Amino acid sequence: MSLLELKDINVYYGAIHALKGISLNVEEGQVVSLIGANGAGKTTTLRTISGLLRSKTGSISFMGKELRHESAESIVRLGISHCPEGRRVFADMSVKENLEMGAFTRKDKKEISQTMDMIYDHFPRLKERMNQMAGTLSGGEQQMLAMGRALMSKPKLLLLDEPSMGLAPILVKEIFNMVQEIHNMGTTVLLVEQNARMALAISDYAYVLETGHISLEGEAKSLAESEEVRKVYLGG
Ligand code: ATP
């Protein structure tokens, strides 16, 4: 059984048919990438999984449970955390307070503080800045914080939307290292990225989205070598 299985997902924004029958699988322990051009429907796919948008048809099964009619909050409780595009940290709160917000579905203070310590251990940059206001962090640090915050609910599956967006190449590398670290910590990752080269390099499997449907899928390694992907998404 896959950890997450989408079957025939159709999502509309009014008259705009944004997802046209998407089916995909994420196996436990994998990093799976969704790549594709602007407007292909990557963000819409993640927002549909996390219950922020609704599919008219099909099913979204997570550990065998149907999510299509669950609230966004109960989807977090079931073990899916969504780190949105554009690193929306709470600017006027400290790093520590932002992390605490990520634990909103949990009650046990001791366990929450253990998770926070684990995040600080793995990402010392956040620990060094725990009392700094999030709005004063650099772009790369804000992205790290957004990912750290998403881990505070102890997700089985992390949905990660464009973590490298707008960052300088050296920071992009750091962010991808962090994604790998998150994966090594035992979290399954569904990654949306414009940076197809880097995404494929750290993924097990990948899907190419084109105007609302999946045009190609396969092992990340073989997609990275495919003529079509190289030409369109990897710049030759
Ligand atoms: P990007 O990489 O630019 O974020 P994407 O692949 O994530 O692109 P989506 O943001 O999922 O693409 O958008 C898919 C399609 O749905 C696009 O045509 C977009 O214009 C449209 N769309 C997205 N959000 C809305 C909205 N709130 N209202 C109307 N149309 C929308």
Side-chain angles (χ1 to χ4, degrees), residues 4-26 31-60 62 67-68 71-72 75-76 80-89 139-140 142-143 146-147 149-150 157-169 171-173 175-176 178-179 188-203 205-218 220 223-224 226 228-235:
L4 177 77
E5 187 172 359
L6 269 62
K7 267 196 198 143
D8 190 34
I9 294 304
N10 280 279
V11 175
Y12 297 78
Y13 294 104
I16 297 167
H17 193 177
L19 298 184
K20 303 166 184 160
I22 299 274
S23 296
L24 62 83
N25 286 323
V26 178
V31 176
V32 175
S33 281
L34 273 181
I35 60 175
N38 286 107
K42 305 181 296 296
T43 296
T44 302
T45 304
L46 294 192
R47 291 175 63 85
T48 305
I49 296 166
S50 57
L52 300 169
L53 293 168
R54 296 291 172 197
S55 175
K56 283 220 160 140
T57 58
S59 70
I60 302 173
F62 179 64
L67 297 186
R68 255 186 72 210
S71 70
I75 290 171
V76 178
I80 300 183
S81 189
H82 186 163
C83 182
E85 196 173 25
R87 6 180 213 278
R88 301 205 194 92
V89 295
Q142 288 188 18
Q143 181 60 46
M147 292 199 275
R149 187 182 56 190
L157 173 66
L158 176 66
L159 308 176
L160 202 44
D161 199 349
E162 300 266 8
S164 79
M165 192 170 64
L167 297 179
L171 291 175
V172 171
K173 188 121 200 303
I175 292 300
F176 275 94
M178 182 163 173
V179 177
T188 304
V189 179
L190 178 57
L191 172 68
V192 157
E193 260 293 333
Q194 290 272 340
N195 190 331
R197 188 183 301 277
M198 298 281 277
L200 292 176
I202 64 161
S203 295
Y205 203 84
Y207 293 88
V208 180
L209 228 62
E210 222 172 273
T211 57
H213 64 89
I214 288 163
S215 59
L216 265 177
E217 67 175 277
L223 278 190
S226 103
E228 202 176 339
V229 171
R230 292 175 76 89
K231 244 197 286 178
V232 182
Y233 300 101
L234 303 178

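Since this is a predicted model, take the numbers as computed values, not measurements. Atoms within each ligand, like the ligands themselves, are counted from 1 in listed order.
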Quiz item: Mind checking whether A18 has an N or O less than 3.5 Å away from an N or O of ligand 1?
Solution: no
Quiz item: What protein heavy atom is closest to atom 13 (O) of ligand 1, reported as residue, atom name and distance in Å?
Solution: T44 OG1, 3.7 Å
Exercise. Check for a donor-acceptor pair, side chain of K42 on one end and backbone N or O of L209 on the other, with a separation under 3.5 Å.
Key: no
Quiz item: If we ignore angles and hydrogens, is there a donor and acceptor under 3.5 Å between the side chains of Y13 and T44?
Solution: yes
Exercise. Assess G36 for proximity to ligand 1: is some non-hydrogen atom of it under 4.0 Å away?
Key: no
Exercise. Give a yes-or-no answer on whether the side chains of N10 and H17 include a donor-acceptor pair shorter than 3.5 Å.
Key: yes
Quiz item: Is there a protein heavy atom less than 4.0 Å away from atom 19 (C) of ligand 1?
Solution: no
Practice problem: State whether the shortest distance between N or O atoms of G39 and N or O atoms of ligand 1 falls below 3.5 angstrom. | Solution: yes
Quiz item: Should R47 be listed as contacting ligand 1, given a heavy-atom distance under 4.0 Å as the test?
Solution: no
Self-check item: Test of proximity, T45 against ligand 1: N or O pairs below 3.5 Å
Solution: no
Self-check item: Stepwise side-chain contact (heavy atoms from CB on, under 4.5 Å) test for S81 and R149
Solution: CA-CA 9 Å; S81 189; R149 187 182 56 190; over 6 Å; no
Practice problem: Using non-hydrogen atoms of the residue, decide whether A37 is closer than 4.0 angstrom to ligand 1. | Solution: yes
Quiz item: Can you list the residues that meet the salt bridge (Lys or Arg N to Asp or Glu O under 4.0 Å) rule with E162, with sequence neighbours excluded?
Solution: none
